[in-house]
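Take a look at the structure set out below.
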Amino acid sequence: MGLLSGMMGHASEVSVEKLAKEFQPILLEDERIERAYKLIRDMLVFTNKRLILVNKQGLTGSKADYQSIPYSSIKTFSMESAGIGDLDAELKIWLTGEDTPTIKQDFRKGDNINQAYRVLSKYVLK
């Protein structure tokens, strides 16, 4: 499901423990990664403080752009699927001042979009 899902445009969940060392230099002292999802080389990383979008660039992916989105900047978010038997689901996130979703990410069934939705709910709906 990992590589094939990535090629198909679907996010796959990544182990938080695997990311701890990579993200340690940019996380605050009291910040922790809650969930992370990878799409080929790019990632959505949900912490207890913000959403971090990682855009790996170049042929080797050694250059990366880390975009931090404070949860307070998220105006609306939605989760869409065709139901229990649906193989795919989509997470959409609107930022303050935007009329269309700024972030759209497909998830495959089993990658648990519900966990990402719960993290957003926990921190956006404070």
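None of these values were measured; they are calculated from a predicted model.
Taking the ring pair (Phe, Tyr, Trp, His ring centres under 6.0 Å) definition, one finds that F46 meets it with nothing, sequence neighbours left out. Among residues two or more places apart in sequence or in another chain, the side-chain contact (heavy atoms from CB on, under 4.5 Å) test is passed with K92 by S78, E80, E90, W94, P101, K104.
Between Y123 and Y71, the ring-plane angle classifies as parallel under the 30° and 60° cut-offs.
The two residues S68 and P70 come nearest to each other via the heavy atoms O-CD, 3.7 Å. Nearest heavy-atom pair across T47 and E34 is C-CG, 3.7 Å.
The CG atom of L53 lies 4.5 Å from the CD1 atom of I103; values are rounded to the nearest 0.5 Å. Distance check, rounded to the nearest 0.5 Å: CZ of F107 to CG of L44 gives 6.0 Å. The NZ atom of K126 lies 13.0 Å from the OG atom of S121; values are rounded to the nearest 0.5 Å.
With contacts defined as side-chain heavy-atom distances shorter than 4.5 Å, the pair Q67/N55 does not qualify. Contact check for E31 versus R50: side-chain heavy atoms found under the 4.5 Å cut-off. Contact check for Q115 versus Y37: side-chain heavy atoms found under the 4.5 Å cut-off.
Clustering of Ile, Leu, Val, Met, Phe, Trp and Tyr by side-chain heavy atoms under 4.5 Å joins I52 with V14, V16, L19, F23, I26, L27, I33, M43, V45, V54, Y66.
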Exercise. Going through the distances and angles, do I69 and I93 end up as a side chain to side chain contact (heavy atoms under 4.5 Å, CB included)?
Worked result: CA-CA 11 Å; I69 300 171; I93 301 172; over 6 Å; no

For this session: Take L120 and L91 through the test side chain to side chain contact (heavy atoms under 4.5 Å, CB included) and record every step on the way to the result.
Result: CA-CA 10 Å; L120 281 172; L91 179 68; 3.9 Å; yes

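E22 has no carboxylate O lying under 4.0 Å from a charged side-chain N of K38, or vice versa, which leaves the two without a salt bridge.
Side chain of S73 to main chain of T96: no donor-acceptor pair is present (N/O by atom type, distance under 3.5 Å, no hydrogens or angles). Within the 3.5 Å criterion, the main-chain N or O of D30 finds a donor-acceptor partner in the side chain of N48.
Clustering ILVMFWY residues whenever any of their side-chain heavy atoms sit less than 4.5 angstrom apart, transitively, puts L125 in the very cluster that holds L95.
In this structure, K75 places its NZ atom where more than 12 heavy-atom neighbours from other residues, nucleotides or ligands lie under 6.0 Å away.
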